[in-house]
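What you are looking at is a predicted structure, and each value in this text was computed from that prediction instead of being measured.
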Amino acid sequence: MAKRPALLAALGTVVATVSAIGTLPAQAAAPSPLPTTKALALTGSLRDGRSFETSVAVAPEVALEVKFQEPLRVRGTNQNLRGTRGDSLDSVQAVLTRHRARSVTPLVPSASVAELDDLSARAKARAGAAVPDLASWYSVVLPADVDAEQVVQDLRALPEVAFAYPAPAPVPPPSTATPDFTGSQGYLRPAPQGIDADFSRQDPRARGAGIKIVDLEYDWNWAHEDLQLDESSDLGGTVFPRYTGFADEHGTAVFGELVARDNGYGVTGSVPEATMYGISPSQATATGDTRWSPGAALAYLAGLGVLAPGDAVLLEQQTSGPLGGSNYAPLEWIPSVFEAIQLLDGLGVTVVETGGNGNQNVDSDLYVRDGIKWFDRSVQDSGAILVGAGSDTDRERLNFSNYGARFDLQGWGRNIVTTGGNGNLQGGTDPANRDIRYTRTFGGTSGAGPIVTGAVVAVQSYLKATGQAPRTAAQIADLLKRTGTPQGPTTTGQHIGPLPNLSAALRAIEVDAPTTEVKLAQHAPRQGDRYTNPFVTLTAGDGWGAGVSKTEYRLDGGKWRTFSKTFRVLDKGRHRLDFRSTDANGNQEETRSLTFQNRR
């Protein structure tokens, strides 16, 4: 029997536990994976009965995101990694073994892999084209002392590997500027100032009912007085737990822009009757830590099966760009996120993506990955609606907002009044006022994204309420761009797109037929329905719709004529007047009739 080491023999009993002893700083410019530091805590007793405890700092592990070539259909974990077609993965295993990989597991929870296969098949059948295989993405965990760049280089050299890169680090919610305050919820006022949610909320069919919104968000205060949600709003649960290191005020502000209650106090969201959820991008690991993994969170969200065509996902995250530091890029710069968006889009879910606060031109040659011009729609398209931040006064690009031809629409990037935030409108920073806190200075592309999302959801809820099929993200973007208020002229060379205009967008798709009224008049008094050579006037209205394009009539079953001015009926006897109107969208009123007697 082998002898125990002398130290252990002397100690007697030893218990080791690992605990986190570091947290992410609240406003780190380039934070590292969560948590940043661990400690190995040792407790035990000596042979003479004396107890002891000590701790040793342990460096964090290194994680990679790796995608295998889709035709291989790689499945399994660790040593059981396999290609379901029967292809050998010996070269992959050799690289992982050489670099002492600690674990190789699906990027999404293993239980979701089968669901992803089914979702991909459904999305392909619906969209008529293949969508990415999210089950081919894996998380590779390596020792802290490994040369991560060399591992990535070795993996990318293998024909079996499509992507390999260090797992992205979390980026804090963008801080907000505090410019002059110009008005309460001006972003919801009529164009050209806002998106005219004041108009859309007047119609019960455009207030968001029947549509679910999911915000990819670190944390939010579901108990805020103007939200009145509950813990069911958290779709991540223990798999993607909310990360509290940045506080909840960013998420609370986003939620308020969209679904703050129409209750006579506080603020009101653009679509107050939509159903609101959040999901954290921080994934729980087997070691009890969390890892920032937005691609996995989105794939997991797709696999939950809670979203239907017409629902919306808002990406309130950004990532480090090619220049690093605070030169932030849109989140889909991460390939796993890009492909997760494609899956959601294929399932009919509209993804709205905040464009990032890095002052970056995504048309630049810097934004090329593996030979792919990443944000060039002629090369590839995730399907997301990409949002930039515009001025609240003139719709010019704000100087922190990313921009480029790939951007679709803009929202206000400053002076946004909403729930939470820094409490400078009500509540201040006193923790006791957390549930009654409001801000007047929320902004960034984080503030712009919910403004555009509100416009998307208003349109989708109207379509659903009127029995129409939901539109794809591309169709919704086209409608909102076509009917929106143009970007300010000074920065058109730095494209972020127009500001949505809901009154114009809804009028372009409204389905309500006009209503026509008839007036018969004469000089002599009438007797019942008996007139004396009456004058006939037709007046049509289209409510808030596209407007009446023509009104037609016919007398006694004759030829239909377009009404242009009042006419007189001179023939004696009983008459029937048929009439109808059509609006600019082609919605035609059902033919209605009026009978009357002409005494002359």
Side-chain angles (χ1 to χ4, degrees), residues 173-201 249-250 252-258 260 266-271 314 316 318 352-359 385-403 407-426 438-456 458 480-481 483-505:
S175 58
T176 59
T178 311
D180 293 338
F181 177 60
T182 60
S184 176
Q185 288 194 279
Y187 56 98
L188 303 183
R189 301 291 91 84
Q193 181 183 12
I195 65 171
D196 208 356
D198 290 346
F199 171 86
S200 59
R201 288 184 309 205
E249 301 304 341
H250 183 277
T252 306
V254 171
F255 275 43
E257 285 187 67
L258 288 160
V267 295
T268 301
S270 56
V271 281
L314 171 59
E316 281 288 327
Q318 55 189 8
V352 179
E353 180 181 2
T354 54
N357 302 337
N359 188 25
I385 296 175
L386 197 58
V387 180
S391 166
D392 52 307
T393 57
D394 54 17
R395 301 171 311 285
E396 300 286 1
R397 181 187 78 90
L398 294 175
N399 60 11
F400 58 79
S401 175
N402 289 341
Y403 60 95
F407 278 70
D408 295 293
L409 295 157
Q410 65 167 285
W412 280 26
R414 63 186 184 189
N415 289 337
I416 295 172
V417 173
T418 183
T419 48
N422 55 16
N424 62 5
L425 187 61
Q426 175 180 292
Y438 297 84
T439 182
R440 61 176 182 262
T441 51
F442 190 53
T445 56
S446 289
I451 292 174
V452 172
T453 303
V456 168
L480 294 177
K481 287 188 283 190
T483 58
T485 307
Q487 180 178 343
T490 304
T491 55
T492 52
Q494 299 168 343
H495 180 77
I496 57 172
L499 178 70
N501 178 355
L502 275 170
S503 55

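At a threshold of 4.5 Å between non-hydrogen side-chain atoms, the residues Leu480 and Val456 count as touching. Within the 4.5 Å cutoff, the side chain of Thr354 has no heavy atoms near those of the Val387 side chain. In this structure, Asn415 and Tyr187 have side chains that are not in contact, with every pair of non-hydrogen atoms separated by 4.5 Å or more. Using a 4.5 Å heavy-atom threshold, the side chains of Leu409 and Val352 count as separate. No side-chain heavy atom of Ser401 sits less than 4.5 Å from a side-chain heavy atom of Asn359. Looking at heavy atoms from C-beta onward, Leu258 lies in side-chain contact with Ser270 at the 4.5 angstrom threshold.
His495 places a side-chain N or O within 3.5 Å of a backbone atom of Phe407 that can act as its donor or acceptor partner. With hydrogens and angles ignored, the 3.5 Å screen pairs no side-chain donor or acceptor of Gln410 with any backbone N or O of Ala389. Of the possible donor and acceptor atoms, one in the side chain of Arg440 sits under 3.5 Å from a partner among the backbone N and O of Asn424. Using modelled atom types, no side-chain atom of Gln487 and backbone atom of Pro498 make a donor-acceptor pair closer than 3.5 Å. Under the 3.5 Å distance criterion, the side-chain polar atoms of Gln185 are matched with a main-chain donor or acceptor of Thr268.
Taking the charged nitrogens against the carboxylate oxygens, Asp196 and Arg189 have no contact shorter than 4.0 Å, which rules out a salt bridge.
A donor and an acceptor atom, one from each side chain of Arg414 and Ser391, are located under 3.5 Å apart. Checked by atom type, the side-chain pair Glu316/Ser446 shows a donor-acceptor distance below 3.5 Å. With 3.5 Å as the limit, one finds a donor-acceptor pair spanning the side chains of Glu396 and Thr490. Side-chain contact annotation: Ser503 with Asn501, donor-acceptor N/O pair under 3.5 Å present. A donor-acceptor contact under 3.5 angstrom links the side chains of Arg397 and Gln494, judged on distance only. Using modelled atom types, one finds a donor on one side chain and an acceptor on the other under 3.5 Å when comparing Thr445 with Asn357.
Rounding to the nearest 0.5 Å places OG1 of Thr453 at 11.0 Å from CD of Glu353. Distance check, rounded to the nearest 0.5 Å: OG1 of Thr439 to CG of Asn422 gives 3.5 Å. Thr419 OG1 to Leu425 CG: the interatomic distance, rounded to the nearest 0.5 Å, is 11.0 Å. The distance from the CH2 atom of Trp412 to the CG atom of Leu188 is 8.5 Å, given to the nearest 0.5 Å. The distance from atom CG of Asp392 to atom CG of Leu499, rounded to the nearest 0.5 Å, is 10.5 Å. Between the CD atom in Glu249 and the OG1 atom in Thr418 there is a gap of 10.5 Å [rounded to 0.5 Å].
When every heavy atom of Val271 is checked against every heavy atom of Ala458, the shortest pair comes out as CG1-N, 3.7 Å. Scanning both residues, Val417 and Ser184, for their nearest heavy atoms gives CG2-CA, 4.0 Å. Minimum heavy-atom separation, Leu502 to Ala197: CD1-CA, 4.1 Å. Taking both residues in full, the closest heavy atoms of Ala253 and Gly421 are given as CB-N, 4.3 Å, listed atom of the first, atom of the second, then distance.
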field: CA sep, side-chain torsions, deciding dist, call: Leu314, Val254, side chain to side chain contact (heavy atoms under 4.5 Å, CB included)
entry: CA-CA 10 Å; Leu314 171 59; Val254 171; 3.7 Å; yes

